[in-house]
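Okay, so here's the structure we're looking at.
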Amino acid sequence: MGGFSLELNEDQVDLRDWVHGFAKDVIRPAASEWDEREETPWPVIQEAAKIGLYGFESLATWFADPIGLSLPIATEELFWGDAGIALALMGTGLAAAGIFASGEPEQLAEWVPECFGTEDEPKLAAFCASEPQAGSDVAGYRTRAVYDEASDEWVLNGQKAWATNGGIANVHVVTAVVDPALGARGQAGFVVPPGTPGLSSPGKIKKHGMRASHTADVFLDDVRVPGRCLLGGRERLEARLARAREGQRAGGQAAMATFETTRPTVGAMAVGVARAAYEYALEYAKDREAFGRKIIENQSIAFDLANMRMEIDAARLLVWRAAWMGRNNVPFTAGEGSMSKLKAGEVSVWVTERAIQVLGGAGYTREHPVERMHRDAKIFTIFEGTSEIQRLVISRAISGMTIR
Ligand SMILES: Cc1cc2nc3c(=O)[nH]c(=O)nc-3n(C[C@H](O)[C@H](O)[C@H](O)COP(=O)(O)OP(=O)(O)OC[C@H]3O[C@@H](n4cnc5c(N)ncnc54)[C@H](O)[C@@H]3O)c2cc1C
């Protein structure tokens, strides 16, 4: 039996320092500009692709870490740089995770590289699960997928909401209903290949934060995709649907399977933003003077900073635990994935708000980055399952009861 250690190995330290360097030198200086422009930061994505930081191979290497910490470590550093730009870089990973969660090996080999494009020509991917009438309520999706035997094609019709990279992606991964009678268990995931007719988007939605990341609705109007675009293949789907019809426990719902694997990573995003705001506030408090002394010399400010640091460290430990469990196939028995995302998301909102308070009026202005960090942080209690939904997952897991 191996012993317990939280000491990062050499590979993890090298990765952290490398990503930190990119976050500090490339992402940070561009943060304010892309937040104001509310556009996808293509030059940053291209630079990340050139050095191998954005791409299929880097993600695969981070995933391959047997301890499971490489992905959260790299993610925290990117989001420490800037959350909006980092989400533009990491949004593709959610779609890739959707393919990983349900796809066959040959589907991974075909589609994951298409998600990222190449070093010289990077591309984006979108994971389209949420719909205007159903975000948390994944059983309420209405987008339909109907199989056309004659052409061996699936025909998709419906509307997806708030998809990161929706409409500007090379590959869209879409969750759709195959058998409406089975609710959430009658759904499947599909890859919509580049340039498929019938997929359109009305354009970017204006947002409170994460403004460098593209969020948009996606319309699917008689979108025909080849049979091989059904993630997991027909045989597995038919077997799963048959089990569901017989009332047996079928394998998980397609979108939920993706979210389970990505929650600790989303937690790491939130930790990165919180740490950035805390570090900024700490330096400010050591420098700013009021009433003839540094503001940090007041306990109320110093204790806030102490609590901020403690909460960030606690959140990171939950993220690392869930990431380690996920990578090592240790089952989540108490909603540990949800705990990590819930805690980190709420810490991020709280810490960024306190950071504004520590800076006072300066914190409320766009002269300092903490107001942007606060706007960015709020999404972490909403997407990939709201805080309420995480509490549902945890309370159901610990009680075994039906809690609504
Ligand atoms: C910037 C951004 C990016 C996004 N990216 C993506 C993406 O890439 N792909 C994608 O598929 N989706 C994406 N989403 C959508 C996101 O996942 C949903 O907004 C989220 O899941 C919440 O769904 P909803 O907005 O429909 O809220 P609702 O489900 O309508 O919830 C509204 C409120 O009711 C609460 N609530 C609902 N049900 C319960 C319950 N049973 N118990 C207690 N409280 C409850 C919720 O917690 C919330 O507070 C994104 C959203 C945003 C804003």
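Order of listing sets the numbers, starting from 1, for every ligand and every atom in it.
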Is the shortest N/O to N/O distance between Thr215 and ligand 1 below 3.5 Å?
no
Check contact between Met210 and ligand 1, using heavy atoms of the residue and a distance below 4.0 angstrom.
no
Can you list the atoms of ligand 1 that are under 4.0 Å from a heavy atom of Leu392?
41 (N)
May I ask which of Phe383, Phe127, Tyr141 has a heavy atom nearer to atom 7 (C) of ligand 1 than the others do?
Phe127
For Gly135, counting its heavy atoms only, list the atoms of ligand 1 lying under 4.0 Å from any of them.
21 (O), 23 (O), 24 (P), 26 (O)
Among Ile403, Ile379, Ile389, the residue with a heavy atom nearest to atom 38 (N) of ligand 1 is Ile389
Heavy-atom count check: over 12 atoms from other residues, nucleotides or ligands less than 6.0 Å from Lys24 NZ?
no
Per-atom contacts of ligand 1 with Glu384, taking only distances under 4.0 Å to non-hydrogen atoms:
17 (O)
Kindly confirm or rule out an N or O of Glu388 lying under 3.5 angstrom from an N or O of ligand 1.
yes
May I ask you to check if ligand 1 and Glu131 share an N or O to N or O distance below 3.5 Å?
no
Is it the case that ligand 1 has an N or O less than 3.5 angstrom from some N or O of Ala134?
no
Ser136, any N or O under 3.5 Å of ligand 1 N or O
yes
In terms of side-chain geometry, is the basic nitrogen of Glu76 or Arg275 positioned less than 4.0 Å from the acidic oxygen of its partner?
yes
Any side-chain donor-acceptor pair under 3.5 Å between Gln357 and Asp304?
no
For residues His374 and Glu353, is any side-chain donor paired with an opposing acceptor at under 3.5 Å?
no
Charged N to carboxylate O below 4.0 Å: is that the case for Glu283 and Lys286?
yes
Check each atom of ligand 1 against the heavy atoms of Lys207 and keep those under 4.0 Å away; list them by number with element.
1 (C)
Quick check: are there more than 12 heavy atoms from other residues, nucleotides or ligands sitting under 6.0 Å from CZ of Arg16?
yes
Per-atom contacts of ligand 1 with Thr386, taking only distances under 4.0 Å to non-hydrogen atoms:
22 (C), 46 (C), 47 (O)
Name the residue from Val174, Leu237, Val191 that meets the side chain to side chain contact (heavy atoms under 4.5 Å, CB included) definition with Leu231.
Val191
Between the side chains of Arg234 and Glu149, is the shortest nitrogen-to-carboxylate-oxygen separation below 4.0 Å, so that they form an ion pair?
yes
Could you tell me whether Arg28 sits above the aromatic face of Trp80, with NZ or CZ closer than 6.0 angstrom to the six-membered ring centre and within 45 degrees of the axis?
yes
